[in-house]
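Keep in mind that the numbers below use all heavy atoms, side chains included, and drop hydrogens, waters and symmetry copies. First listed ligand is number 1; within each ligand, the first listed atom is number 1.
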Amino acid sequence: MKYNPNCKTVLALETSCDESAAAVISKKDGKFVVIASSIASQIEEHANWGGVVPEIASRRHLEKLPFLIQETFEKSGIKLSQIDAIAATVTPGLAGALMVGSITGRTLAALHKLPFMGIHHLEGHLASIHLGEESPKPPYLVLLVSGGHSEIIKVEKEGLYIRLGRSHDDAAGEAFDKVARLLGLRYPGGPAIEEKAKTGDIYRFKFPKGRVSKPDGGFYPYDFSFSGLKTAVMRQVKSFENSSEKLPIEDLAASFEQVVAEVLVERSLKCALDTNIKSLVLVGGVASNTRLRKLLKEKARKHFIDIYLTPTTFCTDNAAMIGAAALIRLELGMSSSSLNLGVSPRWPLEQANLLYNPTPPF
Ligand code: KG4
Ligand code: ZN
């Protein structure tokens, strides 16, 4: 994609977990244009340990990010002098990993006298929906399902969020990762389970749809709990081991994947119906799951709810979505973050606007 001098263009960096990523993105005629996007995944290395090792993650980001930025500029055909702002994820995530992208971004911004935009990672996932063919118009609901989060968020208007549902224990992606390990599959569990589930029987095992009780009776209608489901899979696996019968990995994977997809779809659609919001958006790493994408579309059609799916290339962590969030913030009039803005492992999405305060929140 060619660089257009009449629109804002940002360089975006993402290093919150196990993907080092850089992108050059701009907005033209109301559409986001990803000029170049590069990702250096560390997944293979972490897979040897069964999950992300924070120390390894930080070191690899340090080693890879400079070359990734260089490669992204080469692919984009534009120069740093044509960039209007530099964005980097600053929260939530692994502190050491976040620090690499943040320091790199702030250094480049200071050296080249450019605004620095500190981005909330979840706001990046939310913005990923605008990288597809069709963008939803607020108000809309978002089902955000990743390795660290499972949330239903109402976007009142761009930059204004209300969380309506959440997980009380594991995130959906975390459940995929943990169940994959139980089944002897490699990290990350989502793609590994999806592959095995293709030839499995979704009806063979009846796993529970975890509910979260309210203290005064009843259940939180839009909340999730995946730890009981994980325990149920573990019990099944143990009983097969004790009987020395061969583990039916495909059927276990398919029955597990189906129940996760059903729970996510049922609760998010209930939320859409109860709040009378007609647009529902699916984002985050787990959003690349084909069964979930299909089920959501199928069920929503019956209720006349419009479904927007993030393109699969932008579901898992990437820098284009961080750049899209930065462009939205620039449009909202937040011209920069303080160069003193640090990083934080946690920060509420609802308070992402404080990342642009002259006195930074962390
Ligand atoms: O959004 P993401 O890249 O990182 C976080 O912000 O957490 O999400 C990673 C998560 C992992 O837990 C991974 O197992 C899951 O997304 N995932 C999937 C699929 N691809 C990735 N889960 C289910 N099906 C998939 N195809
Ligand atoms: Zn993510």
Side-chain angles (χ1 to χ4, degrees), residues 12-21 23 37 39-44 46-47 50-52 54 57 88-94 97-98 101 119-129 131 142-151 153 167 169-183 185-198 200 224 226 229-230 253-254 256-265 282-296 309-322 324-325 345-347 349:
L13 309 175
E14 157 61 40
T15 61
S16 67
C17 191
D18 56 358
E19 318 274 14
S20 316
S37 173
I39 300 177
S41 179
Q42 311 172 357
I43 282 176
E44 276 308 311
H46 294 291
V52 179
T89 309
V90 294
T91 190
L94 303 168
L98 286 166
I119 303 296
H120 195 292
H121 183 76
L122 298 191
E123 192 165 83
H125 276 299
L126 259 54
S128 69
I129 198 61
L131 302 176
V142 183
L143 172 60
L144 189 163
V145 272
S146 67
H149 296 84
S150 295
E151 306 199 342
I153 297 159
S167 174
D169 38 59
D170 295 343
E174 203 177 350
F176 269 96
D177 295 337
K178 287 179 177 172
V179 166
R181 205 192 298 200
L182 289 172
L183 301 181
L185 303 173
R186 272 170 83 80
Y187 174 85
I193 287 188
E194 174 156 16
E195 188 53 37
K196 289 288 175 192
K198 276 183 191 161
F224 307 103
F226 293 109
L229 168 59
K230 179 192 62 196
F256 164 79
E257 187 185 57
Q258 178 68 19
V259 83
V260 173
E262 282 177 11
V263 164
L264 294 173
V265 168
L282 180 64
V283 303
V286 182
S288 44
N289 186 274
T290 310
R291 197 182 299 272
L292 173 61
R293 294 169 83 89
K294 254 179 84 180
L295 194 68
L296 188 59
L309 303 171
T310 295
T312 45
T313 17
F314 298 119
C315 284
T316 45
D317 290 348
N318 63 87
M321 68 183 196
I322 302 302
R346 272 173 293 279
W347 186 255
L349 173 67

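Within the 4.0 Å heavy-atom criterion, neither part of E19 lies near ligand 1. At a heavy-atom cutoff of 4.0 Å, ligand 1 is contacted by the side chain of D177 but not by its backbone. With a heavy-atom cut-off of 4.0 Å, H149 does not touch ligand 1 at all.
Proximity of a side-chain donor or acceptor of H46 to a complementary backbone N or O of Y187 within less than 3.5 Å is not detected. Here the side chain of Q42 pairs a donor or acceptor atom with the backbone of A57 at under 3.5 angstrom. Panel note: side chain T15, backbone A97; a donor-acceptor pair is recorded below 3.5 Å. When atom types are taken as modelled, the side chain of S150 and the backbone of A172 share a donor-acceptor pair closer than 3.5 angstrom. In this structure, the side chain of T89 does not engage the main chain of T91 through any donor-acceptor pair within 3.5 Å. No donor-acceptor distance shorter than 3.5 angstrom exists from the side chain of R186 to the backbone of A192, with no hydrogens or angles considered.
The protein atom (non-hydrogen) at minimum distance from atom 9 (C) of ligand 1 is G147 N, 3.7 Å. Counting only heavy atoms of the protein, atom 22 (N) of ligand 1 lies nearest to G190 CA, 3.3 Å. In terms of protein heavy-atom proximity, atom 24 (N) of ligand 1 is closest to N289 ND2, 3.1 Å. With respect to atom 20 (N) of ligand 1, the closest heavy atom belonging to the protein is S288 OG, 3.3 Å. For atom 3 (O) of ligand 1, the closest non-hydrogen atom of the protein is D317 N, 3.0 Å. With hydrogens left out, the protein atom closest to atom 6 (O) of ligand 1 is H121 NE2, 3.2 Å, a heavy atom.
Within the 4.5 Å cutoff, no side-chain heavy atoms of V142 are placed close to those of I129. Contact of the D317 side chain with the I322 side chain is not registered, since no non-hydrogen atoms from C-beta on lie closer than 4.5 Å.
Residue K230 qualifies as enclosed at atom NZ: its count of foreign heavy atoms under 6.0 Å is above 12. A 6.0 Å sphere centred on CZ of R293 holds more than 12 heavy atoms belonging to other residues, nucleotides or ligands.
Atom OG of S37 sits about 5.5 Å away from atom CZ of F314, to the nearest 0.5 Å.
Considering backbone and side-chain N/O atoms, G285 comes within less than 3.5 Å of an N/O atom of ligand 1. For ligand 1, the polar-atom distance check finds no N/O of F176 at less than 3.5 Å from any of the ligand's N/O atoms. No N or O atom of T316 sits closer than 3.5 Å to an N or O atom of ligand 1. Residue-to-ligand polar distances keep P188 apart from ligand 1: every N/O pair is separated by 3.5 Å or more.
Heavy-atom proximity to P191, at under 4.0 Å, picks out these atoms of ligand 1: 19 (C), 20 (N), 21 (C), 25 (C). Ligand 1 places these atoms under 4.0 Å from at least one heavy atom of G148: 7 (O). Each of the following atoms of ligand 1 lies closer than 4.0 Å to a heavy atom of E194: 24 (N), 25 (C), 26 (N). Using a 4.0 Å cut-off to heavy atoms of H125, the atoms of ligand 1 that qualify are 1 (O), 6 (O). Each of the following atoms of ligand 1 lies closer than 4.0 Å to a heavy atom of G189: 14 (O).
One of the N, O or S atoms belonging to H121 lies under 2.8 Å away from the Zn ion (ligand 2).
Looking at H125 and the Zn ion (ligand 2) together, the shortest N, O or S contact belongs to NE2. The N, O or S atom of D317 lying closest to the Zn ion (ligand 2) is OD1.
Relative orientation of the F226 and F224 rings is parallel, given thresholds of 30° and 60° on the angle between their planes.
No salt bridge links E194 with K198; every basic N to acidic carboxylate O contact stays at or beyond 4.0 Å.
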